[in-house]
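Below is one structure; the comments refer to it alone.
So that the names make sense, note that chain A is the first sequence line, chain B the second, and so on, each numbered from 1.
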2 protein chains.
Amino acid sequence: MGVCFLQPEQKLLRSASLKVTPQRTAILELLRESREHPSVDQVHRMILQKYPSVSLATIYKTLDLFKEKGLIQEVAASARQVGYDGNPGFHPHLVCKSCKEILDMPEGKLPQEYIKEASKNYGFQVDSQQLFLYGQCAKCRKN
Amino acid sequence: MGVCFLQPEQKLLRSASLKVTPQRTAILELLRESREHPSVDQVHRMILQKYPSVSLATIYKTLDLFKEKGLIQEVAASARQVGYDGNPGFHPHLVCKSCKEILDMPEGKLPQEYIKEASKNYGFQVDSQQLFLYGQCAKCRKN
DNA sequence: ATGGGTGCAAAACATTTGCAAAAGT
DNA sequence: ACTTTTGCAAATGTTTTGCACCCAT
């Protein structure tokens with residue numbers, strides 16, 4: 001396959017030493033462009049529009065793989081609300097208990113004090129973190 | 001039923017306006033005394049030792065109910081690692097990626113700055129939060 | 001050429017539901 | 001007495017697996 005004009009998603013797959021397939025490219029692209037935090041099933045349905053034969057099993061395997069490689073992050077807002085975020089970097093998530101929407105809070109910085117404390121008091125080496133703020137979003141408060 | 005000497009768990013059930021049953025008392029007691037973060041199934045197995053006929057469906061219903069009432073918190077460290085914590089108050093969780101153990105970090109305070117920012121920038125009203133720090137625990141680092 | 005990725009269907013596993021009997025207030 | 005909770009079994013939903021074929025390197 002030609003290698004001259006790679007999309008950013010293809011570069012990312014390469015640098016994670018993964019084979020570049022249309023399915024993987026499409027899934028990664030979709031997540032990186034989305035502002036939502038689609039579930040496994042939602043990712044599947046969206047991918048199906050472009051590639052009508054992609055199986056759900058592939059979506060499961062691919063999302064797991066991307067997560068292991070640090071290309072995306074899993075956002076488990078609760079046991080029954082799990083989504084995927086194409087931005088693997090730390091940012092707090094606002095989870096509305098009414099409409100279930102999850103908003104990114106891009107401007108958050110890392111809670112360094114916790115990382116130090118984990119190391120000092122527990123000998124625990126932190127390599128990533130997730131912060132969830134639960135409550136009610138602006139829209140839902142107006143009802 | 002006599003009402004004279006109530007256990008703390010029974011008082012808690014009362015104040016959440018829930019009926020006091022042996023199953024509920026046992027589940028709440030178990031979680032409040034545990035330092036682990038048992039899964040639905042682990043709770044079921046532990047309860048079975050004392051009450052051999054408690055059904056899994058009851059465990060599901062009860063944990064959901066306790067969570068709604070704020071008696072416990074659900075700890076979804078990832079999509080496939082969900083446990084329950086008898087302490088409903090905020091405290092960071094250290095999640096070891098190797099041995100999957102979840103440690104409580106009791107001394108953490110709330111990240112107030114995020115709550116203010118959520119309100120100011122998004123009109124979002126925060127009423128609870130969860131912080132997960134992922135990495136490697138002291139034991140696992142020694143291998 | 002070869003190792004890894006994909007799709008399929010089945011298997012395994014997890015969660016929810018409806019209902020009758022039991023228990024709490 | 002009334003209402004809620006429980007246990008059961010079935011139904012539903014979700015995730016994983018094994019395998020043959022295909023594709024990227």
Side-chain angles (χ1 to χ4, degrees), chain A residues 1-7 9-28 30 38-45 47-69 71 74 76-84, chain B residues 1-7 9-28 38-45 47-69 71 74-84:
Chain A
M1 194 220 264
V3 174
C4 302
F5 301 109
L6 291 175
Q7 294 182 255
E9 284 74 28
Q10 297 176 322
K11 284 186 191 167
L12 282 165
L13 289 170
R14 281 279 165 90
S15 56
S17 40
L18 295 177
K19 286 195 180 174
V20 177
T21 67
Q23 293 91 331
R24 287 178 176 176
T25 308
I27 293 170
L28 190 52
L30 180 128
S39 65
V40 176
D41 213 65
Q42 289 172 323
V43 170
H44 186 216
R45 277 198 289 268
I47 291 294
L48 239 29
Q49 309 202 4
K50 202 171 174 187
Y51 298 97
S53 68
V54 174
S55 81
L56 188 52
T58 296
I59 307 289
Y60 274 105
K61 289 170 196 163
T62 304
L63 292 174
D64 271 358
L65 185 69
F66 286 0
K67 180 190 163 193
E68 289 324 310
K69 294 287 185 176
L71 296 174
E74 187 185 82
S78 84
R80 286 165 211 106
Q81 190 185 3
V82 178
Y84 292 86
Chain B
M1 194 220 264
V3 174
C4 302
F5 302 109
L6 289 176
Q7 295 182 254
E9 284 74 27
Q10 296 175 322
K11 282 185 191 169
L12 281 165
L13 289 170
R14 280 279 166 89
S15 56
S17 39
L18 296 177
K19 287 196 180 176
V20 178
T21 68
Q23 294 90 331
R24 287 178 176 176
T25 308
I27 294 170
L28 191 52
S39 64
V40 176
D41 212 66
Q42 288 172 322
V43 170
H44 185 218
R45 277 198 288 269
I47 291 294
L48 240 29
Q49 310 201 2
K50 202 173 174 186
Y51 298 98
S53 68
V54 173
S55 81
L56 189 52
T58 297
I59 307 289
Y60 274 103
K61 289 171 197 163
T62 304
L63 292 175
D64 272 357
L65 184 69
F66 286 1
K67 180 189 162 194
E68 288 325 310
K69 293 288 184 176
L71 296 173
E74 188 184 80
V75 178
S78 82
R80 285 164 212 111
Q81 190 185 2
V82 178
Y84 292 85

- Query: Under 3.5 Å, side chain of B:Gln81 to main-chain N/O of B:Ser78, donor-acceptor pair present?
  - Reply: no

- Closest-nucleotide 5' rank along DNA chain D - winner of A:Lys19 and B:Thr62: B:Thr62

- Note on the structure: Side-chain contact check for B:Lys61: nearest option of C:dG24, C:dG3, D:dG7 is D:dG7

- State, with a plain yes or no, whether a side-chain heavy atom of A:Gln7 is found less than 4.5 Å away from one of A:Leu28. no

- Rounded to whole Å, CD of B:Gln10 lies from C1' of C:dG24 at a distance of 12 Å

- Message: Assuming nearest nucleotide by heavy-atom distance, tell me which of A:Asp41 and A:Leu18 is located more 5' along DNA chain D.
- Response: A:Asp41

- Query: Between atom NZ in B:Lys69 and atom C1' in D:dT4, what is the gap in whole Å?
  - Reply: 13 Å

- Message: Can a donor-acceptor pair be found, under 3.5 Å and without considering hydrogens, that links the side chain of B:Glu68 to the backbone of B:Leu65?
- Response: no

- Task: Mind calculating the distance between CG (A:Leu65) and C1' (D:dA24) to the nearest angstrom?
- Result: 15 Å

- Any side-chain heavy-atom pair from B:Leu56 and B:Asp41 closer than 4.5 angstrom? yes

- Task: Evaluate the side-chain proximity of A:Leu71 to A:Leu13: yes if any heavy-atom separation is below 4.5 Å, no if none is.
- Result: yes

- Query: Rounding to a whole Å, what distance do you find between B:Leu48:CG and D:dT6:P?
  - Reply: 15 Å

- To the nearest angstrom, the NE2-P distance between B:His44 and C:dC13 comes to 17 Å

- When you measure from every atom of DNA chain D, which of residues 77-84 of chain B have a heavy atom less than 4.0 Å away? B:Arg80

- Between B:Pro22 and B:Val40, who's closer to the 5' end of DNA chain C by nearest nucleotide? B:Val40

- Item | With sequence neighbours excluded, residues passing salt bridge (charged side-chain N to carboxylate O under 4.0 Å, His left out) with A:Lys69 | none

- Task: Return the residues of residues 53-60 of chain A meeting this criterion: a heavy atom under 4.0 Å from some atom of DNA chain C. Order them by number, or give none.
- Result: A:Ser53, A:Val54, A:Ser55, A:Ala57, A:Thr58

- Query: Looking only at atom types and distance, does a side-chain atom of A:His44 sit under 3.5 Å from a main-chain N or O of A:Tyr60, one as donor and one as acceptor?
  - Reply: no

- Query: To the nearest angstrom, how far is A:Arg24 atom CZ from C:dG7 atom C1'?
  - Reply: 14 Å

- Spacing between B:Leu63 atom CG and D:dT6 atom C1', to the nearest angstrom: 15 Å

- Task: Please report the closest heavy-atom contact between B:Ala76 and A:Ala79, naming both atoms and the distance.
- Result: CB-N, 4.1 Å

- Item | Option from A:Gln23, A:Arg24, A:Lys67 for which side-chain contact (heavy atoms from CB on, under 4.5 Å) with A:Thr62 holds | A:Arg24

- Round to a whole Å and report the spacing from CD of B:Glu68 to P of D:dT5. 14 Å

- Message: I want to check one thing: is the phosphate of D:dG7, taken as OP1 and OP2, less than 4.0 Å away from some side-chain N or O of B:Gln23?
- Response: yes

